[in-house]
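Here the structure is laid out as structure tokens; the discussion comes afterwards.
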Amino acid sequence: MRMDRLDRLAFGGDYNPEQWPEELWPEDVKLMREAGVTMVSVGIFSWAALEPSEGTFTFGWLDRVLDLLHEGGIRVDLATPTVVPPAWFYRAHPEALPTNREGVRWEFGSRGAICHSSDAYQRAAVRITRALAERYGDHPALALWHVHNEYGVPVLACYCDASAAHFRRWLADRHGTLDALNSAWGTAFWGQRYGDWEEIQPPRLTPTVANPAQRLDWARFASDAALENFRRERDLLHELSPGTPVTTNFMVSPTQCDSIDYWAWGREVDLVTNDHYLVAEEDRNHVNLAMAADMTRSVAGDKPWLLLEHSTSAVNWQPRGIAKRPGEMARNSLAHVARGSEGAMFFQWRASRAGAEKFHSAMVPHAGTDSRVWREVVQLGADIAALAPLRGSRTVADAAVVWDWESWWAQRLEWRPSDDLDTRERAESWYAALYDLHLTTDFVHPEAPGLARHPLVVVPSLYLATAAAGENLRRYAEGGGTLVVSCFSGIVDADDAVHPGPHPGALRDVLGLTVEEFQPLRAGETVRLAGTGRPELTADVWAETVVTSGAEPLWHYTDGPAAGGPAVTRHALGEGAAWYVSARLDREGLGAVLTAATADAGIGLHDDLPTDVEVVRRVGANGDGYLFVLNHTAAEATVDLAARGGAHGTELLTGARVTGRLAVPAGAVRVVHQPE
Ligand code: GLA
């Protein structure tokens with residue numbers, strides 16, 4: 001793969017010149033140079049401007065844009081515009097519009113209205129992709145191909161008849177025979193047996209709860225159907241523009257996109273790229289950002305990744321478009337870089353005057369260049385350039401969290417024991433508890449090999465866990481790892497069927513216990529947990545009646561439906577241990593359990609650091625370290641460099657030599673290069 005045009009940390013954004021008079025374009029390039037822009041994403045929504053009627057192409061304007069950018073030394077991430085087919089296409093092919101579960105068809109007039117099973121759409125997407133690749137496949141500005149835009153949002157699954165036929169083909173592939181499908185879906189329940197493939201439909205609107213295994217397969221199918229379309233475009237680009245890497249911008253973070261299995265998609269792109277939008281109103285929104293970045297790095301595996309979109313200030317689609325405070329944009333951007341991103345890019349270059357996103361911030365805001373946002377953009381361009389030495393270095397993680405989109409899809413279906421127990425909330429809370437201990441976290445698939453490289457692996461509610469996952473986690477603990485499993489994990493197999501025997505079937509042996517009964521709590525009810533020499537803990541939403549068979553109770557319930565029974569346990573196993581937390585603990589409770597478990601795992605905690613002073617380290621192939629300190633607080637913080645990779649170094653953003661303790665002003669970021 002020719003990654004040679006991705007040879008700098010990337011800085012730039014989505015550039016939509018077709019929204020502006022051509023006279024402005026040279027001014028854009030001049031300003032891009034002033035800001036240190038290295039790359040822009042072009043053409044994402046340009047299908048109608050490039051193919052105004054079927055088979056007629058108007059490339060002249062894009063030729064001029066690409067040449068102008070090239071002359072300005074700016075690289076191009078060129079999109080296939082297949083996220084918004086033109087109006088003429090839908091007029092000829094209304095069947096390519098997606099249909100929702102209720103049978104209502106979404107209309108043209110916004111974006112992303114696509115039935116991924118539509119032949120007409122697939123043919124049209126191939127035509128425009130081929131035309132673009134033939135024309136620009138060896139353009140000297142081209143650094144990266146950008147297929148489509150954010151598969152999965154705003155809508156992924158389509159419930160039309162073409163999708164139904166596609167679903168049946170996908171099911172035949174997965175299950176082989178109808179008997180196998182009937183068994184996997186448990187169709188003996190409620191008399192749902194299928195005698196012919198043609199009887200099977202998408203899980204459309206049903207009077208009451210639809211078959212959960214059918215719904216789970218449907219969620220898998222929807223992710224795979226879009227992936228087939230991505231692969232088709234990618235393969236064409238590889239063929240016609242050999243060597244140029246191909247990406248599609250992900251939205252890795254359960255807060256942003258819930259329908260794509262990024263473990264599967266991460267393997268399909270040449271470069272993982274991600275979009276992240278801050279939940280502006282959230283108190284500590286930098287924690288969610290860190291989680292998204294850590295998840296993206298994990299999805300990328302051992303390859304680099306790039307933040308392709310975030311915002312300079314407000315976004316327009318949240319209830320209140322809260323502007324970022326001075327310094328916040330840089331903290332956000334550099335937090336992504338700390339967690340492995342090879343640069344920081346934005347939506348978008350110049351704020352649009354018209355359309356749905358005119359109140360979304362941009363690198364060039366409506367206020368123009370005499371503005372705080374522009375000055376901070378220019379400063380950030382210089383900061384990113386100053387970080388050039390760390391290109392290719394890798395973020396070092398202290399612990400791992402198990403995450404699986406399939407398990408999330410399964411758990412959030414209807415009629416689970418408690419509506420209040422939410423996979424996403426648990427993953428975010430456990431992640432935040434690790435963040436509060438200043439630990440950097442990788443995410444791992446439950447069946448992923450190589451868990452042993454993490455001294456601590458946390459499993460927030462993993463409702464669906466295959467026998468292979470259970471085996472993987474058992475081997476991890478036996479081999480010397482410290483495993484911490486949270487409530488309602490290991491309950492069902494890949495078909496959403498309860499594992500045979502008492503809960504938690506997939507994890508009984510590793511945890512050394514059984515769960516005799518779930519004890520969901522009433523709304524607002526809390527229970528208390530106590531243990532000899534241990535702090536008292538509080539939980540809400542969920543408790544369990546636990547019976548140990550090898551595990552040692554550390555905390556027990558002092559009240560509530562499981563009073564007197566074990567609540568938090570530890571099972572010594574081989575060289576390691578498996579902890580179980582059977583209740584939904586609050587923030588303090590998670591912190592207390594993790595503090596004990598990290599001691600078990602031999603992880604030294606840095607308790608000299610205040611909350612919300614974020615410290616992350618990248619290490620290069622030559623052993624050089626890059627210590628990021630992001631101070632999200634309103635007070636100056638100091639960090640002991642010796643305890644974090646080396647007492648001496650150079651602070652890259654200021655150029656200062658530093659030694660001993662590093663002072664980081666309120667709201668500021670510092671990046672210390674620590675030679676090996
Ligand atoms: C997404 C899209 C962009 C833009 C931004 C901001 O990330 O990819 O086109 O809509 O959100 O809202």
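For the single chain, residues carry numbers from 1 onward in sequence order. In each ligand, atom 1 is the first atom listed, and ligand 1 is the first ligand listed.
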- Query: What protein heavy atom sits nearest atom 5 (C) of ligand 1, and how far away is it?
  - Reply: Tyr277 OH, 3.4 Å
- Side chain, backbone, both or neither: His360 near ligand 1, heavy atoms under 4.0 Å: side chain
- Between atom OG1 of Thr395 and atom CZ of Arg297, what is the distance when rounded to the nearest 0.5 Å? 5.0 Å
- Nitrogen or oxygen atoms of Asp14 and ligand 1 under 3.5 Å apart: no
- Hey, does the Lys NZ or Arg CZ of Arg64 hover above the aromatic six-ring of Trp25, less than 6.0 Å from the centre and inside 45° of the axis? no
- Shortest protein heavy-atom distance from atom 3 (C) of ligand 1, along with the residue and atom involved: Glu309 OE1, 3.3 Å
- Task: Would you mind running through ligand 1 and noting each atom that sits below 4.0 Å from a heavy atom of Asp275?
- Result: 7 (O), 8 (O)
- In terms of atom number and element, which parts of ligand 1 are under 4.0 angstrom from non-hydrogen atoms of Asn149? 2 (C), 8 (O), 9 (O)
- Message: I'd like to know if Glu376 and Lys324 make a salt bridge, using a cut-off of under 4.0 Å between side-chain N and carboxylate O.
- Response: no
- Could you tell me the separation between the CZ atom of Phe250 and the CE atom of Met295, rounded to the nearest 0.5 Å? 13.5 Å
- Item | Heavy-atom nearest neighbour of atom 7 (O) of ligand 1 within options Glu150, Gln256, Gln318 | Glu150
- Would you call Glu54-Arg123 a salt bridge at under 4.0 Å N-O? no
- Message: Among all the protein's non-hydrogen atoms, which is closest to atom 12 (O) of ligand 1, and how far away is it?
- Response: Glu357 OE1, 2.6 Å
- State, to 0.1 Å, how close Ala113 and Pro98 come at their nearest heavy-atom pair, and which atoms those are. C-CD, 3.3 Å
- Query: Do any heavy atoms of Arg111 fall under 4.0 Å from ligand 1?
  - Reply: yes
- Message: For the residue pair His360 / Gln348, report whether a side-chain donor-acceptor contact shorter than 3.5 Å exists.
- Response: no
- Task: With heavy atoms of Phe45 as the reference, note each atom of ligand 1 found under 4.0 Å away.
- Result: 9 (O)
- To the nearest 0.5 Å, atom CG of Leu271 lies from atom CG of Asp77 at 9.0 Å
- Item | Side chain, backbone, both or neither: Val315 near ligand 1, heavy atoms under 4.0 Å | neither
